[in-house]
Amino acid sequence: MAKLYYEPQDAAAVLAGGGLLAFGTETVYGLGADARDGGAVARIFAAKGRPQFNPLIIHVFDREEAGRIATFSAAADRLSARFWPGPLTLILPLRPGHGLSPLVSAGLPTVAVRVPAHPGAQALLRAFGGPVAAPSANPSGRISPTRAVHVMASLGDRIDGVLEGGAATVGLESTIVVPGPPPILARAGGVAEVALAAALGQPLGRPEVGAAVTAPGQLLSHYAPAAALRMDANAPRSGEFMIGFGPVAGDITLSKVGDLIEAAATLFDALHTADATRRPIAVAPIPEVGLGQAINDRLRRAAAG
Ligand code: TXA
Ligand code: MG
């Protein structure tokens, strides 16, 4: 069972040790892990039972920290100056040398960043001193948690700790904005659209149906490799670059020991490496269980593109 923490300093050690820590924010409780640790991020997906690798929100304690992982346009600067810390998430281009696991952004060139205002979350992020990836701390498809007991009841047996943060005051997820120009409202949430439009001096658009921001999974087809990708391959055909798993060896492997968490953590790097060769790609069979579902979902998209 997850340990309940009351001190942010103590809870930060869970993150530093590569563990999963749920923590209260002003919006909803987040399920956090060190965003630079691919294995820890993979365990977020495993704990939530997510059948897809949706990109996750990165939590940092201030604008300067955010500037280490993402680049800010003038519009992004205006929004962060006005609404951070607070319930606003910005989708920004990843900055070179960001150090995040590619699993965090599902291999996309952008990252969702937020600076929570909750004092406990602030203290946790300062004590930890690094970027924390955190989706809402609920099992996939269930209601977002606004109290520690909600997290304990639904995920308590799958995570390492919960930092008590009281009842969430906003109780609704953060508003997600692509600053643009043109600015796009990707998800309504804790910051009202009128306030955003006032700060930007222009109205916000909506994502195109099926666009990256409404359904990030869809964008993955944009990241289809240059050449064909073949799944369930037990050996490479002539000219193919082989990505192995478990007993099926390759030019590289997702996990030599057949560990699905390790495979999830290495998946996007492996696809980039394979794509850089411009050769057709073959991928070993991945069992359709646990994180294998999300891995196969990603591979099917790559194969279809
Ligand atoms: O209030 C919140 O935002 C909470 C607390 C814990 O901070 N977090 C939260 O995370 O709601 P989550 O994972 O449940 O929702 C994140 C949303 C997803 O819909 C995801 O698709 C989108 O953000 N997202 C993340 N990165 C993205 C990116 N690079 N491009 C487009 N959408 C992105
Ligand atoms: Mg959620």
Side-chain angles (χ1 to χ4, degrees), residues 20-33 35 41 44-45 47-50 52-61 66 69-71 76 83-95 98 100-118 120-122 124-125 131-148 150-151 154-155 159 162-163 165 168-180 184-191 206-208 210-220 222-223 268 294:
L20 293 187
L21 177 82
F23 60 99
T25 82
E26 69 274 29
T27 57
V28 299
Y29 275 69
L31 178 55
V41 175
I44 292 179
F45 291 98
K48 283 184 66 95
R50 269 198 185 176
Q52 290 188 350
F53 294 128
N54 296 339
L56 306 177
I57 297 176
I58 299 299
H59 298 67
V60 291
F61 59 83
I69 57 176
T71 57
F83 298 104
W84 281 358
L88 175 68
T89 295
L90 297 176
I91 297 193
L92 305 169
L94 271 166
R95 186 188 171 124
H98 54 77
L100 303 178
S101 160
L103 193 53
V104 156
S105 50
L108 298 174
T110 54
V111 63
V113 192
R114 144 166 153 74
V115 177
H118 186 287
Q122 274 278 330
L124 173 74
L125 293 168
V132 173
S136 49
N138 51 286
S140 185
R142 303 262 299 274
I143 300 164
S144 293
T146 55
R147 293 176 183 276
H150 299 159
V151 182
S154 62
L155 290 176
I159 66 178
V162 179
L163 173 60
T169 52
V170 176
L172 183 74
E173 281 98 341
S174 62
T175 302
I176 303 182
V177 172
V178 184
I184 305 285
L185 180 72
R187 179 177 78 183
V191 173
R206 291 292 183 275
E208 286 167 40
V213 286
T214 46
Q218 303 291 322
L219 188 76
L220 298 176
H222 290 219
Y223 284 80
F268 291 102

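Order of appearance sets the numbers: ligands from 1, and atoms from 1 within every ligand. In this text the structure is predicted, and so the values were computed from the model without any measurement. We're numbering straight along the sequence, starting at 1.
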Taking Phe23 as the fixed residue, which of Val151, Val132, Val162, Leu31 is the one that meets the side chain to side chain contact (heavy atoms under 4.5 Å, CB included) rule? Val132
Show the atoms of ligand 1 that are less than 4.0 angstrom away from any heavy atom in Ile57. 3 (O), 8 (N), 9 (C), 10 (O), 16 (C)
So the atoms of ligand 1 within less than 4.0 Å of a heavy atom of Gly30 turn out to be 6 (C)
Of the backbone and side-chain N, O or S atoms of Ser144, does one lie nearer to the Mg ion (ligand 2) than 2.8 Å? no
Can you check whether Asn54 has an N/O within less than 3.5 Å of an N/O in ligand 1? no
Of all the atoms in ligand 1, which lie at a distance below 4.0 Å from a heavy atom belonging to His59? 5 (C), 6 (C), 7 (O)
In Å and rounded to the nearest 0.5 Å, what is the CG to OG1 distance from Leu88 to Thr27? 11.5 Å
For ligand 1, which is the ligand I care about here, please tell me if Thr27 has any N or O atom under 3.5 Å from one of the ligand's N or O atoms. yes
dist Ser144:OG -> His150:NE2 (nearest 0.5 Å) comes out at 11.0 Å
Under a 4.0 angstrom heavy-atom cut-off, which atoms of ligand 1 come close to Arg50? 13 (O), 14 (O)
Is there a side chain to side chain contact (heavy atoms under 4.5 Å, CB included) between Ser140 and Gln52? Walk through the geometry before answering. CA-CA 10 Å; Ser140 185; Gln52 290 188 350; over 6 Å; no
Quick check: do Leu92 and Thr110 have side-chain heavy atoms less than 4.5 Å from each other? no
Show the atoms of ligand 1 that are less than 4.0 angstrom away from any heavy atom in Ile176. 17 (C), 23 (O)
Element-labelled atoms of ligand 1 that are located less than 4.0 Å from some non-hydrogen atom of Ile91: 27 (C), 28 (C), 30 (N), 31 (C), 32 (N), 33 (C)
Under 4.5 Å between any side-chain heavy atoms of Asn138 and Leu155, yes or no? no
Hey, are the side chains of Leu125 and His59 touching, using non-hydrogen atoms and a 4.5 Å cut-off? yes
Is there a heavy atom in His118 that sits closer than 4.0 Å to ligand 1? no
Within the structure provided, determine whether Pro109 and Leu94 are in side-chain contact (heavy-atom separation under 4.5 Å). no
Using a plain distance cutoff, I'd like to know if Thr110 has any nitrogen or oxygen under 3.5 Å from a nitrogen or oxygen of ligand 1. yes
Based purely on interatomic distance, does Arg187 place a nitrogen or oxygen under 3.5 Å from a nitrogen or oxygen of ligand 1? yes
